[in-house]
Amino acid sequence: MRTPIIAGNWKMFKTIAEATDFAKQLTATKAIEGVEQVICAPFTTLSALAGILQGTPYALGAQNVHFADQGAFTGEISPLMLKEIGVKYVIIGHSERRQYFNETDETVNKKVIAALSHGLLPIVCVGESLAEFESGSTEQVVRTQTEAALNGLTSDQVKQVVIAYEPIWAIGTGKSSTAEDANKTIGYIRGCVERAFGAEAAAAIRIQYGGSVKPDNIEGYLRQSDIDGALVGGASLTVDGFVQLVAGASAARG
Ligand SMILES: O=C(CO)COP(=O)(O)O
């Protein structure tokens, strides 16, 4: 049985003061069990958050990483640096990075390999644009992205990866995929993993849905057979929102 995983992607929101405030409030609430909970925060806030979240049920995630250990890469952050802070997860290949920062399937793959080799767990984002959705090429797009991202991994490494299926047209738009459609595409992604890495890896890998997930729709997603959690932007920015998302995931699985 795959443990559901709810990850908040704060994107470029929250100062250190705001992040600290959030973490103190969150750790003061009664923790919900049975759901893995992750906060993917801006780089500048990670050290402060690590100090507060250490020893709590809340894991820390980053939103990007470079593939080299060190080097002349101005403005970048290496897997070693994240590991040193106590980061556990790292989002790789978010559509905003693919769209605005020239992230490619090739760099996503290099980053996934680098993250795993340093003991960081990748949350790899895949998903189609509106034009691709409307032309019926969703499956082709997610298959290409998934196969490229996982290229060269062993099946044991694949079991540690989390994939987030985020249709680009559903991100921050309030237009979410239906739970049934998301489940179908996520089932298809799992099938791609099975063809490349075998049944055991496909049964173990966790695949989230992301895109306008809110406390009032999360249960519908988590009740689906293949959806193992959610990667949430806007609704994860308040403590109340985050706790409600986790409560919804727990209720769906309860
Ligand atoms: O991009 C997302 C998470 O990575 C989704 O963002 P929203 O939940 O704000 O739509």
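For this chain, numbers begin at 1 and follow the sequence in order. Indexing begins at 1, ligand by ligand and atom by atom, following the structure's order.
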Pull out every atom of ligand 1 sitting under 4.0 Å from any heavy atom of [X], numbered as shown with elements.
| X | value |
| --- | --- |
| G234 | 7 (P), 8 (O), 9 (O) |
| S212 | 7 (P), 8 (O), 10 (O) |
| N9 | 3 (C), 4 (O) |

Considering distance alone, does some N or O of A235 sit under 3.5 Å from an N or O of ligand 1?
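No: no nitrogen or oxygen of A235 is under 3.5 Å from one in ligand 1.
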Do you see a donor-acceptor pair shorter than 3.5 Å between the side chains of E103 and T107?
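Distance-only check passes for E103 and T107.
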Quick one: which of R190, R223, R206 gives a salt bridge (charged side-chain N to carboxylate O under 4.0 Å, His left out) with D228?
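With D228 as partner, R190, R223, R206 yield a single salt bridge (charged side-chain N to carboxylate O under 4.0 Å, His left out), made by R190.
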In terms of residue, atom name and distance, what is the protein heavy atom nearest to atom 3 (C) of ligand 1?
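Among all protein heavy atoms, the one nearest atom 3 (C) of ligand 1 is E166 OE2, 2.8 Å.
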Tell me: protein heavy atom nearest atom 8 (O) of ligand 1, and distance?
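Ranked first by proximity to atom 8 (O) of ligand 1 is G233 N, 2.9 Å.
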Show the nearest heavy-atom pair for residues I6 and A249, with the distance to one decimal.
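Heavy-atom minimum between the residues: CD1-CB, 3.7 Å.
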Grab the two heavy atoms, one from A41 and one from L46, that are nearest each other, plus how far apart they are.
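Scanning both residues completely, I find the closest heavy atoms to be O-CD2, 3.8 Å.
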Under the 3.5 angstrom rule, does the side chain of S236 hit a backbone N or O of V232 as a donor-acceptor pair?
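Yes, S236 side chain to V232 backbone: donor-acceptor pair under 3.5 Å.
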Is the shortest distance from a heavy atom of G172 to ligand 1 less than 4.0 Å?
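Per 4.0 Å heavy-atom rule, G172 contacts ligand 1.
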Using non-hydrogen atoms of the residue, decide whether K11 is closer than 4.0 angstrom to ligand 1.
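It does; at least one heavy atom falls under 4.0 Å.
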Going by the side-chain hydrogen bond (donor to acceptor under 3.5 Å, both in side chains) test, name the single residue among Q208, E128, Q145 that passes it with Y165.
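Filter result, single survivor: E128.
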